Amino acid sequence: MAEQLGNLTRTHSCGALRPSDVGANVVLLGWVHRVRDLGGLLFVDVRDREGVAQIVFDDDNAPQMEKAKRLRSEYVIGVEGTVRRRSADTVNPKLGTGEVEVFVKRLTILNEAKTPPFPIADETPVSEDVRLKYRYLDLRRPRLAGNMILRHRIAAATRRYFDAHGFLEVETPILTKSTPEGARDYLVPSRVHPGEFFALPQSPQLFKQILMIAGIDRYVQICKCFRDEDLRADRQPEFTQVDVEMSFARPETVFGIIEPLMRDIFKVIGKDVTIPFQRMSYADAMAKYGSDKPDLRPGLEIQDLRAHFRESKFRVFKEIVAKGGTVRGFVIPKASHYSRSEVDGIVDMAKQQLGATGLVWARRMDDGAITSSVMKAMGEDEVSTLLDATSTGTGSLMFIAAGDADPTSKLLGQLRLILAKKDGLLKPDEFRFTWVVDFPLLEWDPQEKRWNSMHHPFTSPLDEDMEKLVTDPGTARAKAYDLVLNGSEIGGGSIRIHDSAMQSRIFSLLNISEEEAKLRFGFFLEALEYGTPPHGGIALGLDRITAILASESSIREVIAFPKTAAAVDLMSTAPSPVDPKQLRELHIQIK
RNA sequence: GGGGUCGUAGUUCAGUUGGUUAGAACGCUGCCCUGUCACGGCAGAGGCCGCGGGUUCGAGUCCCGUCGACCCCGCCA
């Protein structure tokens, strides 16, 4: 039977006890972490959020001892007792509290517990579906408990920082208007208005811009966003953004606010971040790293090799260059450990998994000898010249691909990361930030045969690219930027359009008629006409940032109650059918 | 929507070319034990081999389907 709490009042967290507390009468409240029953002497490790303390029972206090014999893992207990110093030979250096223990005068069993489905007291891996079903148990384990504490401290540092810089946290609606651009909306039916729906926000984009029109000037919100798209390790249907908007901002204004914020956030884990961060154009990112979110840790930059193949014996590449295609490659400087069969395996893998049509390699062995998969076709002289011009010496290995610029870069970008990972070049304790800037404003949708916004339709073009909107829209660049850390997009934003005439031009480019625009964004377009200050902002992915700081490869590990890849909550078993009466009230029929 | 990995005791896993009664560790239950801290010792319980079908004299093992978890592509303004 469970006992009442009565007037038991915690004096210390379990992890807090130190030799300075020796002699004190203390009350600990927590869970039974482990029991070591030696017969006439019994030790219990008591655990709470902050740590573990050892408590002791012996036959000198027989009634308590008898009660302690009933204790099992995860029972909730309260103990009153005296802190004593452990003798030198019984100190446990692995425990923060290892120099002391509590001799128990009174044990209260506040609750019993079923044997947990997986051990809380050790960190042995458990399959994720079991962990998700019993999330409340997993959250007791140090890994997730630590991640929750870390997440809180990051959020707290963020709020402190923005408060100190004159930002107001303003809440925006969760029940909002569906705007069919972008991701699929989560819809909420209106009971009052049959056949009409709210949408959960994909981001508070229009609201924060309207807050600028409203004169809020500097806005921040740590807010939930919802997107009904397929999940990934770094994508959940609901996720948390640090949403920021500033009036009178240029891109540099936003960078100047976000960079010190990142420095503050990284101080939470004791890391010094050097600011300002490097900036890189979208075009450079694609060319050198084959990605708009380059991981700068491994080096292995992709190089343009067209010059070497314009006049080459290797006809395949020569023709590709002649037809306006590209030849690109990257060099792994320390690649002596790659065996011939391993290199062949990489080529096969690239063909099968990355869709490479062909992947050529060339290498200079440790003894200076040259080999290549196209030795005969290219000739030793050419291979040698190529390696001299591009590689870093003996023991280096080069991979080369050719074709259209974009897919070739992307292929090499993927390959680069696979090999960097394999060679341990993605060091988890190295943090390489970069701003990726000058994104294209528009993206051609070949299926719908129309332009789409790459960022969103409220993004301002670069001043110098205004004319291109008319002459060559595909080459117009935007005042849009992403913050990239170790190959992860941790934030993205832009300077917005604050002029309703420009906003109309963009809508017409996007093939959105005036009527349609009015229907979808009318409230916003009207607001734009009442004195809108130039403004811009950014949204940071709090889940992703926390995951990186926690060295977790999935954001599920930093979210208290995440969903599976099939977008279900295994603990609460949501989603689920609802009562037909609820549906009737909402005027909804299931087909 | 497509591709891949995995599914055996509460947990983590092993299980040979298809062949007798499906094993180990941890956990769990009971007993013993006064300085343990991954306590130790002895004894014991615990299995729809994800589910359904097929091949076979015989299936945890082979085949087909299905469900679930994870990773990737598409998708994610």
Side-chain angles (χ1 to χ4, degrees), chain A residues 33-46 52-60 65 69 72-74 84 86-95 97-99 101 103 114-134 137 179-185 202-203 205-206 225-237 239 349 352-355 410 414 417-418 439-443 445 447 451-459 478 480 489 492-494 506 510 512 520-521 539 541 553-554 556 562-568 570:
Chain A
H33 191 64
R34 257 197 194 95
V35 180
R36 289 177 295 280
D37 184 352
L38 274 63
L41 183 66
L42 189 151
F43 299 97
V44 176
D45 292 335
V46 192
V52 167
Q54 174 169 281
I55 62 173
V56 196
F57 299 84
D58 69 21
D59 280 339
D60 294 346
M65 183 63 165
K69 295 268 181 192
R72 296 290 181 273
S73 285
E74 300 307 313
R84 16 183 240 208
R86 299 201 203 176
S87 66
D89 55 323
T90 62
V91 163
N92 184 354
K94 283 184 259 176
L95 238 49
T97 58
E99 289 178 71
E101 64 192 7
F103 184 74
K114 286 167 74 173
T115 302
F118 54 86
I120 313 296
D122 67 53
E123 290 286 278
T124 53
V126 177
S127 71
E128 199 171 349
D129 45 344
V130 178
R131 293 174 52 208
L132 286 170
K133 182 175 178 193
Y134 299 96
L137 298 180
T179 55
E181 259 88 27
R184 213 173 282 115
D185 282 324
Q202 296 176 25
S203 88
Q205 184 60 35
L206 294 180
C225 301
F226 306 86
R227 294 180 189 174
D228 187 5
E229 296 292 345
D230 287 338
L231 289 78
R232 290 286 188 285
D234 63 350
R235 272 166 35 190
Q236 284 272 305
F239 60 100
M349 183 273 302
Q352 281 163 25
Q353 288 171 40
L354 306 179
K410 281 184 185 164
Q414 286 177 294
L417 285 181
I418 291 168
F439 277 80
L441 184 70
L442 303 167
E443 215 168 17
D445 182 339
Q447 274 162 11
W451 293 108
N452 275 328
S453 293
M454 191 149 177
H455 187 52
H456 58 54
F458 316 105
T459 305
E489 180 199 326
S494 64
I506 298 293
L510 295 173
I512 300 173
R520 292 189 200 166
F521 315 111
S553 56
S554 164
R556 289 188 302 278
K563 290 173 182 61
T564 68
V568 306
L570 291 179

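Lettering of chains follows the sequences in order, A, B, ..., and the numbering in each one begins at 1. Please read all numbers here as calculations on a predicted model, not as lab measurements.
- Here A:E489 pairs with A:K293, A:D482, A:R544 under the side-chain contact (heavy atoms from CB on, under 4.5 Å) rule; sequence neighbours left out.
- With sequence neighbours excluded, the residues that form a ring pair (Phe, Tyr, Trp, His ring centres under 6.0 Å) with A:F439 are A:Y282.
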Could you encode protein contacts along nucleotides 33-43 of chain B as a string, one character per nucleotide from 5' to 3', using B for base contact, S for sugar-phosphate-only contact and - for no contact, with a heavy-atom cut-off of under 4.0 Å? BBBBBSB----
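- Counting non-hydrogen atoms under 4.0 angstrom, A:Q205 reaches a base of the nucleic acid.
- Among the protein residues, A:S203 comes within range of the nucleic acid bases, having at least one heavy atom under 4.0 Å from a base atom.
- Every salt bridge (charged side-chain N to carboxylate O under 4.0 Å, His left out) that A:K69 has, sequence neighbours left out, goes to A:D37.
- Within residues 114-123 of chain A, the residues approached by RNA chain B to less than 4.0 Å at the level of any non-hydrogen atom are A:T115, A:P117, in residue-number order.
- By the side chain to side chain donor-acceptor pair (under 3.5 Å) test, A:D60 pairs with no residue at all, sequence neighbours left out.
- The ring pair (Phe, Tyr, Trp, His ring centres under 6.0 Å) search around A:Y134 returns none, not counting sequence neighbours.
- Scanning for side-chain contact (heavy atoms from CB on, under 4.5 Å) contacts around A:S554 gives A:A233, A:R556, with sequence neighbours left out.
- Among residues two or more places apart in sequence or in another chain, the side chain to side chain donor-acceptor pair (under 3.5 Å) test is passed with A:H456 by A:Q205, A:T459, A:R496.
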With B for base contact, S for sugar-phosphate-only contact and - for none (protein heavy atoms under 4.0 Å), nucleotides 67-76 of chain B reads --SSSSBBBB
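- By the side-chain contact (heavy atoms from CB on, under 4.5 Å) test, A:Q202 pairs with A:A183, A:D185, A:R227, sequence neighbours left out.
- Although no hydrogens or angles enter the test, the distance criterion places no donor-acceptor pair under 3.5 Å between the side chain of A:S453 and the main chain of A:F458.
- In this structure A:L231 satisfies the side-chain contact (heavy atoms from CB on, under 4.5 Å) test together with A:Q236, A:P237, A:A567, sequence neighbours excluded.
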